[in-house]
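Below is one structure, written out as structure tokens; comments come after it.
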Amino acid sequence: MLQRIQTVYLIISFIATGVLPFVLPIGVTETGENYYFIRDLSFVMLFAFSTTLSIVSILTYKKRKNQFVMGRLNIILNLILLGLFIIRVLNLSGETDPEKVVSEKGIGLLLPIVSIVFLSLANKAIKKDEDLVKSVDRLR
């Protein structure tokens with residue numbers, strides 16, 4: 001399980017969606033306080049589902065086809081999360097925000113991109129393993 005490179009990629013994706021959102025803010029309020037994803041229920045649900053998919057994908061290492069499908073679903077989920085982040089940033093007008101909720105963008109907005117990159121690398125490695133197994137089966 002851990003000797004496969006896609007497991008390492010999936011662990012990095014798990015860290016990007018399960019651990020780093022608690023550490024990296026998605027914004028800074030006008031009072032200088034960090035704004036984390038936990039304040040918005042939609043972000044919480046999407047990050048939790050993405051993290052769960054990464055864990056389940058790591059644990060189903062014997063079923064490569066299911067692992068590949070879960071990776072694709074996770075990529076789609078992270079694209080939705082990235083879209084919500086982009087919509088939020090485009091609606092954010094900086095210091096003239098009437099609600100004065102978030103005045104600066106944070107580094108946490110890039111977490112879905114990091115997750116998508118590593119999930120794509122994991123899917124590429126899973127596909128390579130599946131092709132290798134198919135080629136060995138042909139030789140028998």
Side-chain angles (χ1 to χ4, degrees):
M1 180 169 97
L2 284 176
Q3 68 270 19
R4 297 169 59 203
I5 190 67
Q6 58 262 35
T7 305
V8 174
Y9 292 146
L10 289 170
I11 289 172
I12 294 171
S13 174
F14 162 74
I15 291 171
T17 58
V19 177
L20 289 180
F22 292 102
V23 178
L24 300 175
I26 60 171
V28 179
T29 62
E30 72 171 5
T31 60
E33 155 185 345
N34 289 335
Y35 183 81
Y36 292 97
F37 80 102
I38 200 120
R39 292 186 182 177
D40 194 351
L41 184 63
S42 61
F43 294 152
V44 171
M45 296 299 290
L46 289 172
F47 270 124
F49 194 55
S50 177
T51 303
T52 304
L53 273 175
S54 293
I55 291 171
V56 171
S57 185
I58 290 169
L59 295 177
T60 59
Y61 61 93
K62 289 186 179 181
K63 300 175 184 172
R64 287 177 299 278
K65 288 183 182 180
N66 290 344
Q67 200 176 25
F68 188 77
V69 170
M70 281 187 273
R72 283 193 175 179
L73 286 174
N74 206 347
I75 289 172
I76 292 170
L77 185 67
N78 278 297
L79 285 172
I80 292 170
L81 186 61
L82 183 62
L84 287 176
F85 278 158
I86 289 172
I87 289 171
R88 182 172 181 90
V89 167
L90 290 177
N91 288 336
L92 184 65
S93 59
E95 297 298 326
T96 61
D97 188 14
E99 297 174 7
K100 302 287 185 187
V101 177
V102 178
S103 63
E104 293 180 19
K105 289 90 178 163
I107 192 76
L109 295 173
L110 299 177
L111 291 177
I113 296 172
V114 171
S115 182
I116 289 169
V117 167
F118 282 106
L119 287 168
S120 298
L121 289 172
N123 272 358
K124 184 177 176 183
I126 292 167
K127 179 77 171 140
K128 187 176 175 183
D129 274 1
E130 186 65 27
D131 291 343
L132 180 66
V133 168
K134 284 181 182 179
S135 72
V136 170
D137 284 343
R138 264 186 261 143
L139 294 176
R140 289 189 213 178

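Numbering of residues begins at 1 and proceeds along the displayed sequence.
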Do the side chains of Phe22 and Phe85 join up, straight or via other hydrophobic residues, at under 4.5 Å, putting them in one cluster? yes

Here's a test for you: under side-chain hydrogen bond (donor to acceptor under 3.5 Å, both in side chains), which of Asn74, Thr51, Asn78, Thr52 qualifies with Thr17? Thr51

To the nearest 0.5 Å, what is the distance between OG on Ser50 and CZ on Phe14? 10.5 Å

So among Leu119, Leu121, Ile11, Ile126, which one has a side-chain contact (heavy atoms from CB on, under 4.5 Å) with Gln6? Ile126

CG (Leu53) and OG (Ser57) are apart, to the nearest 0.5 Å, by 8.0 Å

Could you tell me the separation between the OG atom of Ser54 and the CZ atom of Phe49, rounded to the nearest 0.5 Å? 10.5 Å

Which pair of heavy atoms, one from Leu111 and one from Leu24, lies closest together, and at what distance? CD2-CD1, 4.0 Å

Working to the nearest 0.5 Å, report the span between CD of Gln67 and CG of Leu59. 9.5 Å

Picking from Arg64, Lys124, Lys63, what satisfies salt bridge (charged side-chain N to carboxylate O under 4.0 Å, His left out) with Glu130? Arg64

Would you indicate whether Tyr36, at its atom OH, is surrounded by more than 12 heavy atoms from other residues, nucleotides or ligands within a distance under 6.0 Å? yes

Atom of Leu10, atom of Ile58 and distance for their closest heavy-atom approach: CB-CG1, 3.5 Å

Can you tell me which residue among Asn123, Leu73, Asp129 is in a side-chain contact (heavy atoms from CB on, under 4.5 Å) with Phe68? Asn123

Could you tell me the separation between the CG atom of Leu79 and the CD1 atom of Ile113, rounded to the nearest 0.5 Å? 9.5 Å

Among residues at least two apart in sequence or on other chains, which ones pass side chain to side chain donor-acceptor pair (under 3.5 Å) with Thr60? none

State plainly whether one hydrophobic cluster holds both Ile55 and Ile15, where clusters connect Ile, Leu, Val, Met, Phe, Trp and Tyr through side-chain heavy atoms under 4.5 angstrom apart. yes

Rounded to the nearest 0.5 Å, what separates atom CG in Leu46 from atom CG in Leu77? 5.0 Å

According to a hydrophobic-cluster definition based on side-chain heavy atoms being under 4.5 Å apart (Ile, Leu, Val, Met, Phe, Trp, Tyr only), do Val44 and Leu81 belong together? yes

Judged by atom type as modelled, is there a donor-acceptor pair below 3.5 Å linking the side chain of Ser120 to the main-chain atoms of Ile116? yes

Please identify each residue that fulfils ring-ring contact (aromatic ring centres under 6.0 Å, His included) with Phe47, with sequence neighbours left out. Phe37

Flag if over 12 foreign heavy atoms under 6.0 Å of CD1, Ile107: no

